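Please read the structure below before turning to the comments.
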Amino acid sequence: MAKKKARVKAAGGALDMLVRQFAQPLACLRELVQNSIDAGSNQVEVRLRRDSEGIRLTVSDTGEGMTEHIIETQLTRLFASSKEGDLTKVGKFGIGFVSVFALAPLAVVVDTGRQGENWRVLFKTDRSFELLKLPHSVEGTTVHLYLDPDRFELPSLRNKVRETLSFWCRHCRAEIFVDGVPIRAPFELKERVQASYEDSGTRLVLALSPQAQCFYGYYNQGLTLLEGSHSPIPHLTFKIDSRYFEHTLTRDNVIQNEDYEKGMALLQRVLREHYPARLYQHLRDGGDDWELLNLLEKLGVDPSREPLFPDHSGRYYSL
């Protein structure tokens, strides 16, 4: 392994400020997965091991990797990002990688390769870094976080890693594994009657709920942006995933701009045009969720003319 240059650069106070914005240190895993997805990887491996140097948390992908130019202009430069205006990318601010320092690692090692270049970036405890040229080829990008064994207990850390990734990344189209076990969950709701819809760049699932205060979630390419238990539309529980949604700088909310309004309008359209048929068929098949008809009417759909009540011959009649 050869050093490219005698290059050591220290991060300033701005980095400390950015690190402090991540209230949950393990949220760095969301940022690393996001970078992997943006790099075109369809699989992300997360592994935890204890070795002679302590606890090693590794995130590896098979994406397009980084050249020296990308490392110097994006990975190691705050707020430098080529993602702005590219709707195929999730990240917008070019600061996600700094979140790894919220775990106070003893060292961070990034191995990456692209276009015949193979590099190792070594970040030290003081957050300075060295760029080293590797003698062997590297596929994609692998990030190793070396953690203090006096601060972390491996089984507990493994559980927290799985919980964190399950919350933020369980609906990603890329397959994500924690020590070989996938964390993906179906993009669906708990309600018995639900309707789904998918168009270019957007997918959603919705259902009526007897509870006025019910679950809702916003996502971008499967990454969780915001989830809550008080839906902005009473009695309507939903998940909507759109590559057009933008998150706030703290990554814990959705910017309510024109794209957000389009998403909410799409929800209303699917509720009116797709959901009623699912509900009507459910009731004709013997479902007993008749109270949902009243909710449907309150949300602007009149079910009174729908034939739902059979006679002895099997012919259906409306109200």
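Bear in mind the structure is a predicted one, so any value in this text is a computation, not a measurement.
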**Prompt:** So, is the end of the R315 side chain (NZ or CZ) under 6.0 Å from the ring centre of F309 and within 45° of the ring's axis?
**Reply:** no
**Prompt:** Which heavy atom of E175 sits nearest a heavy atom of P182, and at what distance?
**Reply:** OE2-CB, 3.6 Å
**Request:** May I ask you to establish whether R203 and F187 are in a cation-pi arrangement, using a distance under 6.0 Å from NZ or CZ to the six-membered ring centre and at most 45° from the ring axis?
**Result:** yes
**Message:** Between D311 and G314 (side chain of the first, backbone of the second, donor and acceptor by atom type, cut-off under 3.5 Å), is there such a pair?
**Reply:** yes
**Stepwise side-chain contact (heavy atoms from CB on, under 4.5 Å) check, L225 with N253** = CA-CA 6 Å; L225 300 179; N253 209 331; over 6 Å; no
**Item:** Shortest non-hydrogen contact between E188 and V205, atoms and distance
**Value:** CA-CG1, 4.1 Å
**Request:** Kindly compute the distance separating CZ (R162) from CZ (R170), expressed to the nearest 0.5 Å.
**Result:** 13.5 Å
**Message:** Please determine whether residues L226 and I233 belong to a single hydrophobic cluster, defined as Ile, Leu, Val, Met, Phe, Trp and Tyr linked transitively by side-chain heavy-atom distances below 4.5 Å.
**Reply:** yes
**Asked** Roughly how far apart are E117 CD and T67 OG1, rounded to 0.5 Å?
**Response** 5.0 Å
**L236 and C214, any side-chain heavy atoms less than 4.5 Å apart** = no
**Message:** To the nearest 0.5 Å, what is the distance between OG on S99 and CD on Q34?
**Reply:** 9.5 Å
**Prompt:** Should we say atom CD of E258 is surrounded by more than 12 heavy atoms from elsewhere, each under 6.0 Å from it?
**Reply:** no
**Prompt:** Can you tell me if NE2 on H274 sees more than 12 non-hydrogen neighbours from other groups inside 6.0 Å?
**Reply:** yes
**Request:** Could you grab the distance from atom CZ of F177 to atom CG of L165, nearest 0.5 Å is fine?
**Result:** 12.5 Å
**Minimum heavy-atom distance between Q43 and A174, given as atom pair plus value** = N-CB, 4.3 Å
**Salt-bridge contact K124-E130 (side-chain N to carboxylate O under 4.0 Å)** = yes
**Request:** Could you tell me whether R243 and D259 make a salt bridge, using a distance below 4.0 angstrom between a side-chain N and a carboxylate O?
**Result:** no
**Asked** CG/L279 to CG/L308 distance, rounded to the nearest 0.5 angstrom?
**Response** 8.0 Å
**Asked** Does any donor atom in the side chain of N220 or H247 lie under 3.5 Å from an acceptor atom in the other side chain?
**Response** no
**Item:** Test side-chain contact (heavy atoms from CB on, under 4.5 Å) applied to T112 and V143, step by step
**Value:** CA-CA 9 Å; T112 188; V143 179; over 6 Å; no
**Exercise: do S209 and H235 side chains pair donor with acceptor under 3.5 Å** = no
**Asked** Looking at side-chain heavy atoms only, is the closest gap between H69 and R114 below 4.5 Å?
**Response** no
**Request:** Indicate, with yes or no, if I55 and V110 share a hydrophobic cluster defined by side-chain heavy-atom contacts under 4.5 Å among Ile, Leu, Val, Met, Phe, Trp and Tyr.
**Result:** yes
**Asked** Is there a donor-acceptor contact under 3.5 Å from the side chain of K160 to the main chain of L26?
**Response** no
**Asked** If two hydrophobic side chains count as joined below 4.5 Å and joins carry through other members, does I183 share a cluster with V181?
**Response** no
**Sidechain-backbone polar pair: R284 side chain, P307 backbone, donor-acceptor under 3.5 Å** = yes
**Asked** For P303 and V301, which heavy atoms make the closest approach, and how far apart are they?
**Response** CD-O, 3.2 Å
**Request:** Please confirm whether Y197 and Y275 have ring centers closer than 6.0 angstrom.
**Result:** no
**Message:** Tell me whether T237 contacts the main-chain N or O of A207 through its side chain, where contact means a donor paired with an acceptor under 3.5 Å.
**Reply:** no
**Message:** Hydrophobic cluster membership, with links at side-chain heavy-atom distances under 4.5 Å among I/L/V/M/F/W/Y: are L48 and L106 in one?
**Reply:** no
**Message:** Does R173 form a salt bridge (Lys or Arg N to Asp or Glu O under 4.0 Å) with D241? I'd like the steps, not just the answer.
**Reply:** CA-CA 11 Å; R173 297 183 188 273; D241 180 3; 5.3 Å; no
**Prompt:** Below 4.5 Å, heavy atoms only, C-beta onward: do E45 and S60 meet side chain to side chain?
**Reply:** yes
**Request:** Quick one: pull up CG in L206 and CD1 in I240 and give me the separation to the nearest 0.5 Å.
**Result:** 9.0 Å
**Message:** Is there a path of hydrophobic side-chain contacts, each under 4.5 Å between heavy atoms, that joins L122 and L32?
**Reply:** no
**Prompt:** Distance-only, no hydrogens or angles: does the S41 side chain make a donor-acceptor pair with backbone N or O of T62 under 3.5 Å?
**Reply:** yes
**Request:** Considering non-hydrogen atoms only, spot the tightest contact between H171 and P186 and give its length.
**Result:** CE1-O, 3.0 Å
**Message:** Using side-chain heavy atoms (C-beta onward) and a distance below 4.5 Å, is V44 in contact with V59?
**Reply:** yes
**Message:** Between Y219 and E227, do the side chains contain a donor N or O and an acceptor N or O under 3.5 Å apart?
**Reply:** yes
**Message:** If we count only N and O atoms by modelled type, under 3.5 Å, do the side chains of E163 and N159 hold a donor and an acceptor together?
**Reply:** no
**4.5 Å side-chain heavy-atom contact, L204 and L266** = yes
**Prompt:** Given R47 and D179, is the salt bridge (Lys or Arg N to Asp or Glu O under 4.0 Å) satisfied, shown in steps?
**Reply:** CA-CA 5 Å; R47 299 183 299 277; D179 286 336; over 6 Å; no
**Message:** Does either side chain, that of D61 or that of S36, offer a donor lying less than 3.5 Å from an acceptor on the other one?
**Reply:** yes
**side-chain contact (heavy atoms from CB on, under 4.5 Å) between V33 and N35, intermediate numbers included** = CA-CA 5 Å; V33 167; N35 288 342; over 6 Å; no
**Message:** With a 4.5 Å cut-off on side-chain heavy atoms, are L223 and C169 touching?
**Reply:** yes
**Request:** Quick one: sort the Y146 and H144 rings into parallel, tilted or perpendicular, breaks at 30° and 60°.
**Result:** tilted
**Note, L132 side chain near W119 side chain (heavy atom, < 4.5 Å)** = no
**Request:** Check the side chains of Y260 and Y244 for a donor-acceptor pair under 3.5 angstrom, ignoring hydrogens and angles.
**Result:** no
**Asked** When you check the gap from the basic side-chain N to the acidic O, do R158 and E153 get nearer than 4.0 Å?
**Response** no
**Prompt:** Does some side-chain heavy atom of L57 sit less than 4.5 Å from a side-chain heavy atom of F152?
**Reply:** no
**Message:** Can you confirm whether more than 12 heavy atoms, excluding those of R278, are under 6.0 Å from its CZ atom?
**Reply:** no
**Message:** Between F97 and V108, does the side-chain contact (heavy atoms from CB on, under 4.5 Å) criterion hold? Intermediate values first, please.
**Reply:** CA-CA 11 Å; F97 179 76; V108 180; 4.0 Å; yes
**Prompt:** With distance as the sole criterion, is a donor-acceptor pair present between the side chains of T202 and S242 under 3.5 Å?
**Reply:** yes
**Fill in**
Nearest heavy-atom approach of P234 to L299 is O-CD2, 4.3 Å
